[in-house]
Amino acid sequence: LLQAMKIFKDRAHNLYSIQRQKEYFDNSVTEILPILLDDKGQLFVSGNMGDVKTLCKLMVHQNKSEDFLMQIDEESGESILANMTVFDAVRAVQFLSSVISEPLFVDRMFARNRYNDDPFSYVLRRLPHSSGQMLQFLFSIESFRQRCLENLNTKYRILWWLFCKCQVST
């Protein structure tokens with residue numbers, strides 16, 4: 001009789017363990033897995049945080065191209081460069097400029113979103129509160145400088161933010 005009870009208990013315990021594993025997968029893994037598999041979500045989160053390591057992982061482990069890195073979000077109309085420039089993530093912008101083609105990088109820096117702003121506008125607005133490293137880096141790119149010099153509106157914006165808005169307090 002004790003032997004029969006032990007066999008029943010072992011089987012019931014195994015079934016209980018299987019049921020708990022099923023509950024674990026239903027409650028946690030099935031909710032988390034789509035988030036982990038969402039490459040576009042990972043791209044924009046790492047771009048928002050200026051996380052170069054995650055961008056490298058996306059490119060190396062998941063074999064993502066420059067078109068994927070520079071894609072435009074449908075909702076906001078912005079690429080990841082927008083938030084990188086808002087948060088003054090100079091290292092992340094330098095990394096992106098090194099892995100994508102220069103013309104695409106420059107085009108995305110001047111790409112307007114649905115609010116008629118571009119990442120370069122965010123750089124200019126951050127000037128009073130930043131060290132200016134982002135602007136210094138961008139002007140080290142020859143095609144970026146040429147694009148700024150060709151457009152009268154861009155020249156005006158640069159002068160406005162540099163000389164009218166960036167006042168040094170004495």
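This is a predicted model, so every value here is computed, not measured.
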Nearest 0.5 angstrom please: [X] [atom1] to [Y] [atom2], how far?
X      : Y      : atom1 : atom2 : value
Leu58  : Lys53  : CG    : NZ    : 14.5 Å
Met134 : Arg91  : CE    : CZ    : 12.0 Å
Asn113 : Glu75  : CG    : CD    : 12.0 Å
Ser143 : Phe105 : OG    : CZ    : 9.0 Å
Ser97  : Ile141 : OG    : CD1   : 5.0 Å
Ile158 : Phe163 : CD1   : CZ    : 10.5 Å

Just checking [X]: does its [atom1] atom have more than 12 heavy atoms from other residues, nucleotides or ligands closer to it than 6.0 angstrom?
X      : atom1 : value
Arg145 : CZ    : yes
Glu142 : CD    : yes
Lys57  : NZ    : no

Using a 4.5 Å cut-off on heavy atoms from C-beta on, say whether the side chain of [Y] contacts that of [X].
X      : Y      : result
Thr154 : Arg147 : no
Ser121 : Trp161 : no
Phe95  : Met59  : yes
Leu43  : Leu55  : yes
Leu162 : Leu124 : no
Arg157 : Asp118 : yes

Expected output: side-chain [X] to main-chain [Y] donor-acceptor under 3.5 Å:
X      : Y     : answer
Arg114 : Ser76 : no
Arg108 : Leu81 : no
Thr54  : Asp51 : no

How close do [X] and [Y] get, counting heavy atoms only, and between which atoms?
X      : Y      : answer
Glu66  : Val99  : OE1-O, 4.0 Å
Ala92  : Val52  : CA-CG2, 3.6 Å
Asn153 : Asn151 : N-OD1, 2.9 Å
Ala89  : Gly50  : CB-CA, 3.9 Å
Phe44  : Glu78  : CE2-O, 3.7 Å

Among the clusters formed by ILVMFWY side chains lying less than 4.5 Å apart, do [X] and [Y] turn up in the same one?
X      : Y      : answer
Met49  : Met84  : no
Tyr115 : Phe120 : no
Leu135 : Val93  : yes
Leu96  : Val90  : yes
Ile72  : Val45  : no

Task: Asn63 and Phe68: CA distance, side-chain angles, deciding distance, side chain to side chain contact (heavy atoms under 4.5 Å, CB included) verdict - done: CA-CA 10 Å; Asn63 198 22; Phe68 177 78; over 6 Å; no
Open item on the list: Using the rule given for side chain to side chain contact (heavy atoms under 4.5 Å, CB included), can you reason through Ile80 versus Gln71, listing the C-alpha separation, both sets of side-chain angles and the distance that settles it, and then say yes or no?
Closed with: CA-CA 8 Å; Ile80 61 172; Gln71 67 180 303; over 6 Å; no
Task: Working for side-chain hydrogen bond (donor to acceptor under 3.5 Å, both in side chains), residues Glu150 and Gln146 - done: CA-CA 6 Å; Glu150 291 170 0; Gln146 288 300 324; over 6 Å; no
Open item on the list: Measuring centre to centre across the rings, with the benzene-like ring taken for any Trp, is Phe144 within less than 6.0 Å of Phe110?
Closed with: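 Yes, the ring of Phe144 comes within the 6.0 Å limit of the ring of Phe110, centre to centre.
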Open item on the list: For Asp73, is there an ion pair with Lys40 - N to carboxylate O distance below 4.0 angstrom?
Closed with: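 Yes, Lys40 and Asp73 are salt-bridged.
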Task: Side chains of Thr85 and Arg126, donor plus acceptor under 3.5 Å - done: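 The answer is no; no qualifying pair exists.
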